[in-house]
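One structure follows; several queries about it will come next.
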Amino acid sequence: MASLTFSTLPTSTTIKKPLFSKTSSHLNQSHRFKVSCNAAANNDDKTVKNSETPKLILPFEMQNVDRRNVLLGLGVGGLYGAANLTTNIPSAFGIPITAPDNISDCVTASSNLRNSADAVRGLACCPPVLSTDKPKDYVLPTNPVTRIRPAAQRATSDYVAKYQQAIQAMKDLPDDHPHSWKQQGKIHCAYCNGGYSQGQTGHPELQLQIHNSWLFFPFHRWYLYFYEKILGKLINDPSFAIPFWNWDNPTGMVLPGMFEDNGRNNPLFDPFRDATHLPPTIFDIEYAGKDTGASCIDQIGINLPSMYRQMITNASDTTSFFGGEFVAGDDPLNKQFNVAGSIEAGVHTAAHRWVGNPRMANGEDMGNFYSAGYDPLFYVHHANVDRMWKIWKDVDRKGHKDPTAGDWLNASYVFYDENENLVRVYNRDCVDVRKMGYDYERSEIPWIRSRPTAHAKGANVAAKSVGIVQKVEDVIFPLKLNKIVKVLVKRPATNRTKEDKEKENELLFVNGIQFDGERFVKFNVFVNDVDDGVETTAASSEFAGSFAQLPHNHGDKMLMRSGVAFGITELLEDIEAEGDESILVTLVPKTGCDELTISEITIKLVPVV
Ligand code: C2O
């Protein structure tokens, strides 16, 4: 590991042609990347050995990317201003979310999980109470040994042996030890399934929830931080770093081999996983609960533009990437718009479902929030989610900034550190991974050049639908999504100039989504699509994105409300619809949508800040 470099994007400037001009030949993905797959996506042979992972050959090196070209070529970014979103995301002038000083206030997670009787991991998620002292504010060590997290698919056998040793040591601890595998797994359940309330900030009736909002990235970053330091302590190696599951790169798009059953009690193996999703099956970044049967090469050709969409098109500002505000007094059950960021709702949720075992009552382990932390792969999946946060900031664009609101900076959580001290940590201290003493091994990000392409460019789809498809102003809301829904939605402006686009982002909002929080829910959204998403995949520009939710239990109520926004500035350029007054929006339910309703579909221009 001597030759590791730290930067995510190269900064030198040997660029031959603009990376993101409309005329450059980004795609077709499958031709462009010439990935060689030596096995079909769905291999029926369940006895695949670690050594038989597919050989994915990337014959090109990513060209060096000039940051300025990235900046100029990607279109415009922007930050939601509260004033512009009064009907979409409530602005918050509150008290930051604060986990309780007194962890003995933790209660057993709500028991009305859809199949709580079969909750094999149990709902008693509270941490052990070692003392009655208040947690101390955590201070990041100065000059820490830098821990370099390796890409799982490239980890050496020595590294894997060490990692296995650390996890085994964690599993060998008594269950009530704060560092035990069980207690580490419980942390996720406690922070997601109602273990803690907002009592310390005056709202004992409200649960504390770290998903579906801007708390998602920082909470999980701190969670992994202590988990990693605990593992390092257990093997006496402060430089130990957990690996990352590099699902955004074709060489890492299968379940990392080190997590498979090796017949020798591999501590990284978890029996509660989908046994049909072993290598060489390629992870489907758009997974909606069913295998699509796409070939390996086609799946990679979908995954890369899907990553582009989640990191660029639909992540052009802080709110789109981080998710909506969440402050003390907000009810995670009833808040009008719990908005998950593009990565949380996208590849993050998809991987949880793809890994969890669909035969288990609650999709254990990864497929449900209450149980996800018991699978060692959870932390490795989240390491790549965390890496996406770092990369997103490294892509030097105007809108790519951490939240600056005090309510975000001062939100805090409580963890046991590697010395078993109870500590309080703040979002403001986790914005820079180098200061936290870790970084990621460099791995190419081919998706940055995988801007989707139009499926049926210039088909005048919206114009042809007038008189056939209902206009959004004639629709009676709430609208049920138990079947495909199509509406014509008027745009606030047409033929926007380059300057217009630099000032404002055009976003398509689907708001007031009400659904059963106990189910895996997913629907896809298309713009000017000709075939209702039958042929049109995430590799096509017409695919605006999806809304997806992992099941989690919610006290006495099952209904959750949320919203989602999709950046359509680049999309309309790609499909040559910039002059159209209206667009045809198609909502295609994929899973869990029978009872789902929507209360608003609208397009707004949101200022770039
Ligand atoms: Cu806390 Cu992947 O979820």
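One-based numbering, in listed order, for ligands and for the atoms of each. Just so you know, these numbers use all the heavy atoms, side chains as well, and skip hydrogens, waters and symmetry mates. Every value quoted in this text rests on a predicted model; they were computed, and no experiment measured them.
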I need the single residue from Leu224, Ile187, Asn427 that forms a side-chain contact (heavy atoms from CB on, under 4.5 Å) with Phe219. Which is it?
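Single pass found, and it is Ile187.
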
So, are Asp402 and Lys393 salt-bridged, with charged N and O less than 4.0 Å apart?
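Judged by the 4.0 Å cut-off on N to carboxylate O distance, Asp402 and Lys393 do form a salt bridge.
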
Between Asp284 and Lys590 (salt bridge meaning N to carboxylate O under 4.0 Å), is one present in this structure?
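Here Asp284 does not pair with Lys590 in a salt bridge, since their nearest N and O are not under 4.0 Å apart.
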
Would a line drawn from the ring center of Trp389 to the ring center of Phe217 be shorter than 6.0 Å?
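Yes, the ring centres sit under 6.0 Å apart.
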
Run through the protein N/O/S atoms less than 2.8 Å from atom 2 (Cu) of ligand 1 and write them out by chain and number.
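Sorted hits: His348 NE2, His352 NE2, His382 NE2.
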
Pick one: which of Lys390, Arg149, Arg147 meets salt bridge (Lys or Arg N to Asp or Glu O under 4.0 Å) with Asp439?
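Only match with Asp439 under salt bridge (Lys or Arg N to Asp or Glu O under 4.0 Å): Lys390.
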
On a heavy-atom basis, which atom in His400 and which in Met311 lie closest, and how many Å separate them?
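Nearest pair, atom of His400 first, then Met311: CE1-O, 3.9 Å.
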
